[in-house]
There are 2 protein chains.
Amino acid sequence: MALTMTPKERRQAKTRQAILDTARKIINSKGIDGLSIRSIAKAIDYSPAGLYEYFASKEEIVWAVCSQGQNRLYEAMAQVDPALPDVEYVIELGSAYLNFAAEYPDFFLLMFTTAPQSMRNQAPPGKEIDKEMMGQDSAFTILVEAMGRGVENGTFVLLQNQTVMELAINAWIQVHGTAMLWLTQLRYLNIPLEHIARQSQTTFVRGITR
Amino acid sequence: MALTMTPKERRQAKTRQAILDTARKIINSKGIDGLSIRSIAKAIDYSPAGLYEYFASKEEIVWAVCSQGQNRLYEAMAQVDPALPDVEYVIELGSAYLNFAAEYPDFFLLMFTTAPQSMRNQAPPGKEIDKEMMGQDSAFTILVEAMGRGVENGTFVLLQNQTVMELAINAWIQVHGTAMLWLTQLRYLNIPLEHIARQSQTTFVRGITR
DNA sequence: TTGATTGCCGAACACTGTTCGGATTCTAGA
DNA sequence: TCTAGAATCCGAACAGTGTTCGGCAATCAA
């Protein structure tokens, strides 16, 4: 797609990306409260007003950062080897999810808490954060396919009237709960993530295998 | 304790509680972004500066609101009948947790996401939000005792080298993940909470029973 | 009746996101 | 090449935020 762009469009895209990159860096270093229009502007040698040529509001910037975060999460999970056995594959997918959360805590919390709330109203039509999550090339899709494969192979067993997607949601719940609880509570009690994550995953696998 | 207070202290406590009550109401109606010092002050016929006689900062107000929220969550879970069989008891505890989250979504999200982050630094010493969570008369304590009882009765089985507290953390992860994922994602996809919660709890119980 | 403390407020400060008008600079068409 | 118009960008301002400070009353202790 970059080949079909005019020089003007390329400049625009470059500036847009520079804004998003600095915004993401500030979030990862100073947290979401340390992110201001003026701090972004100063970092890229722009006037605060100048940013509004590229984004309509601060929320739109944060939304775009989160949207790219979903892609990063997808790529992290897509790197897990699908040739692994069913159980190991699902566990490794979960570990990729958790590593992402542990590496970028503020970013992860932003993507899954404050972001979906306040930005639901003015996200680009057809590109809401939930559609983004469920759509093609999303992290959740990888999980659905992994669970579906396990069910077909007879490795995982469905509950009564349970669909594969619902099973995937349950897997998501388990790993997401681990990430959220560790980020907001357990890590301050010096409880290591790997320790509790292994237990949680083991119990979950025990619950869905026969 | 209210009996040992001087009239002056009673007045102070009354005003403090009025501040916290209005703050909680604003959070539940307008969300956390709708909460401002000036909006609280206007609601109780005070000047913005007047509130600083009772709380040192806005964050201290939010912290106190969250702290009282922990108590409300504890009371909700304490009302579950302990005479229930092990499995039903744990499930009902989880349902109480989920009902709380569904009834006060913004409040719940505040308690478990933005709050623990930003207020860790200047919470009253010995009263950090995590100590609050793990301490006596906390919601988590109820869960620990419930799991411990189930283990003693042989209803629940521990993993290798797993403690009862770790098992309780896993139960917490499961129910917390359900709450968070539904509040931030699933409810916008019109997925009913009861539906997905039942599956999640069933799978978890299946994972910890022999 | 003093003197001091408490309770409360108006005004101000530094910050935030955002808008608007006016400068530049770039670009496309005759 | 010249010019009209669009694309960029900025300074200044506005409304809102949390917070501080000086001072004015009311209350309380001696």
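Everything quoted here is computed from the prediction, not taken from an experiment. The chains referred to below are lettered A, B, ... by the order of the sequence lines, with proteins before strands, and numbering in each begins at 1. Just so you know, these numbers use all the heavy atoms, side chains as well, and skip hydrogens, waters and symmetry mates.
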Would you list the atom pairs, donor with acceptor, under 3.5 Å between side chains in residues 37-46 of chain B and any protein atom, with sequence neighbours excluded?
residue  : atom : partner  : partner atom : Å
Ser39(B) : OG   : Ser36(B) : N            : 3.0
Ser39(B) : OG   : Ser36(B) : O            : 2.7
Ser39(B) : OG   : Ser36(B) : OG           : 3.2

Would you mind writing out the side-chain donor-acceptor pairs for residues 96-103 of chain B within the sub-3.5 Å range, not counting sequence neighbours?
residue  : atom : partner   : partner atom : Å
Tyr97(B) : OH   : Trp172(B) : NE1          : 3.1
Tyr97(B) : OH   : His176(B) : ND1          : 2.9
Asn99(B) : ND2  : Ser95(B)  : O            : 3.2

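Looking at residues two or more places apart in sequence or on another chain, you find no side-chain contact (heavy atoms from CB on, under 4.5 Å) involving Glu53(B). Applying the side-chain contact (heavy atoms from CB on, under 4.5 Å) criterion to Arg149(A), with sequence neighbours excluded, gives Pro82(A), Asp86(A), Tyr89(A), Asn153(A). Listed by chain and residue number, nothing satisfies the salt bridge (Lys or Arg N to Asp or Glu O under 4.0 Å) test with Asp106(B) (two or more places apart in sequence, or in another chain). Shown here are the side-chain contact (heavy atoms from CB on, under 4.5 Å) partners of Ala78(B), two or more places apart in sequence or in another chain: Tyr74(B), Ile142(B). Residues satisfying the side-chain contact (heavy atoms from CB on, under 4.5 Å) criterion with Asp81(B), sequence neighbours excluded, are Ala83(B), Leu84(B).
Taking atom CD1 of residue Ile40(B) and atom P of nucleotide dT19(D), one finds them 10 Å apart after rounding to whole Å. For Leu51(A) and dG11(D), the CG to P distance is 13 Å, given to the nearest whole Å. Atom NZ in Lys14(B) sits about 17 Å away from atom C1' in dG7(C), given to the nearest Å.
Around the OH atom of Tyr54(B), the shell of radius 6.0 Å holds more than 12 heavy atoms that belong to other residues, nucleotides or ligands.
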Between the protein and nucleotides 15-17 of chain C, are there any N/O to N/O pairs under 3.5 Å, and if so, what are the atom names and distances?
residue : atom : partner  : partner atom : Å
dG17(C) : OP1  : Ile37(A) : N            : 3.1
dG17(C) : OP1  : Lys58(A) : NZ           : 3.1
dG17(C) : OP2  : Ile37(A) : N            : 2.9
dG17(C) : N7   : Arg38(A) : NH1          : 2.8
dG17(C) : O6   : Arg38(A) : NH2          : 3.2

Listing time: all N or O pairs from protein to nucleotides 6-9 of chain D that are below 3.5 Å?
residue : atom : partner  : partner atom : Å
dT8(D)  : OP2  : Gln12(A) : NE2          : 2.6
dC9(D)  : OP1  : Tyr46(A) : OH           : 2.7
dC9(D)  : OP2  : Tyr46(A) : OH           : 3.2
dC9(D)  : OP2  : Tyr54(A) : OH           : 2.3

